[in-house]
S.K.: 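This is the structure I have questions about; it appears just below.
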Amino acid sequence: MGGLEQRFPVPYKSLSLDIKVMATQIGTMGTILHARKEEGVTVQPTFNVSVIFGKRDEPMLLAITRQLIEHISSSGSSMPLVLSLGLKDHSMETLKGIVSAVMENRLW
Amino acid sequence: MSSSSCKTSEFEAAGFDSVGQDDIGGGGVQVTSFTELVDDVTLHFQIIRLPKQIYAWIGCNSAKLGNLYAAAHTRPSNTVSVTSILGGASDNTGSGIARRLVLKTGLNVIVACNIPKNSPMLEANAEKKLVEKLIALGHSRSKSPAAGPVLSSS
């Protein structure tokens, strides 16, 4: 496929109760991850990040998801995130690229 | 409700031309979004066609993701398996749709559906609209004898 990346945020800003992002280089959705913010008693929020479908042995995918949910949370939203990543390489550059691309195009 | 005008402008903001338009991204990824009014219920659809996979979202009156299912042909037998990957534990609304989409298209399918449970008519109507659109977009496979199932599965 030649290393292409598409992002499809759900285009329903005010109505949306979830955020869905898809990034693919391999032509399929790849691994699907889910992230949620949990409000606890402490001031610091905690996040629950998990792989719900696909590769469970690739920590970079969890790291990307965790970065994104923290960005979402720091912009004031507590919407859960469903993220699908079909990536050819799992490097730091890819992580930074995806996180910045999603934040540039965000709809929340 | 002014939700439809609100939706159109959201689509424009996101780079789509209008509700119901396709967006061909680079690399042949086709995103189709449309909305249908069925029996006083607003159904939103989003279909993303990837080379070997189809993602479909059905929204019933809201933009929640809903239950997420994955379905695919299971080699070596000719059956289709479906699993719920988000939600769908006590309510499997949408899992049948995922299964039948695999049969119709021959591709791996991911379906997200937030139709409330115990609405078989709504589910059936949503599936009908979705399949109509898939056929119109040319994603349903032709009946080739090699790939077709020998046993009929209900």
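Bear in mind the structure is a predicted one, so any value in this text is a computation, not a measurement. Below, read A as the first sequence line, B as the second, and so on, with proteins coming before strands; counting in each chain starts at 1.
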S.K.: Is B:F34 reachable from B:L37 through a run of hydrophobic residues whose side-chain heavy atoms are each under 4.5 Å from the next?
M.R.: no
S.K.: For B:H139, enumerate each residue passing the side-chain contact (heavy atoms from CB on, under 4.5 Å) test, keeping only those at least two apart in sequence or located in another chain.
M.R.: B:Q30, B:R49, B:I54, B:L134, B:L137
S.K.: Could you tell me which residues in residues 48-57 of chain A have at least one non-hydrogen atom under 4.5 Å from a non-hydrogen atom of chain B, sorted by residue number?
M.R.: A:I52, A:F53
S.K.: What part of B:I85 gets closer than 4.5 Å to chain A, counting heavy atoms only: side chain, backbone, both or neither?
M.R.: both
S.K.: Are more than 12 heavy atoms, taken from residues, nucleotides or ligands other than B:D39, located less than 6.0 Å from that residue's CG atom?
M.R.: no
S.K.: Following the transitive rule for hydrophobic clusters with a side-chain heavy-atom cut-off under 4.5 Å over Ile, Leu, Val, Met, Phe, Trp and Tyr, establish whether B:L43 and B:Y69 coincide in one cluster.
M.R.: no
S.K.: Without swapping roles, check the side chain of B:Q53 against the backbone of A:M29 for a donor-acceptor pair under 3.5 Å.
M.R.: yes
S.K.: Measure the NZ-CD1 distance between A:K20 and B:I48 for me, rounded to the nearest 0.5 Å.
M.R.: 6.0 Å
S.K.: Report yes or no: do B:V82 and B:I97 belong to one cluster of Ile/Leu/Val/Met/Phe/Trp/Tyr joined by side chain heavy-atom distances under 4.5 Å?
M.R.: no
S.K.: Give a yes or no on whether B:V131 and B:M121 share a hydrophobic cluster (residues Ile, Leu, Val, Met, Phe, Trp, Tyr; joining criterion: side-chain heavy atoms under 4.5 Å apart).
M.R.: no
S.K.: Evaluate side chain to side chain contact (heavy atoms under 4.5 Å, CB included) for B:L50 paired with A:M22, printing each intermediate quantity in order.
M.R.: CA-CA 11 Å; B:L50 299 156; A:M22 188 188 300; 4.1 Å; yes
S.K.: Keeping the roles fixed (side chain from A:D18, backbone from B:K64), state whether a donor-acceptor pair exists under 3.5 Å.
M.R.: no
S.K.: Where do A:G27 and B:P51 come nearest, in terms of heavy atoms and distance?
M.R.: O-CD, 3.2 Å
S.K.: To the nearest 0.5 Å, how far apart are OG1 in A:T28 and CD1 in B:I110?
M.R.: 9.0 Å
S.K.: Flag the pair A:I32 / B:L86 as yes when at least one side-chain heavy-atom distance between them is below 4.5 Å, and no otherwise.
M.R.: no
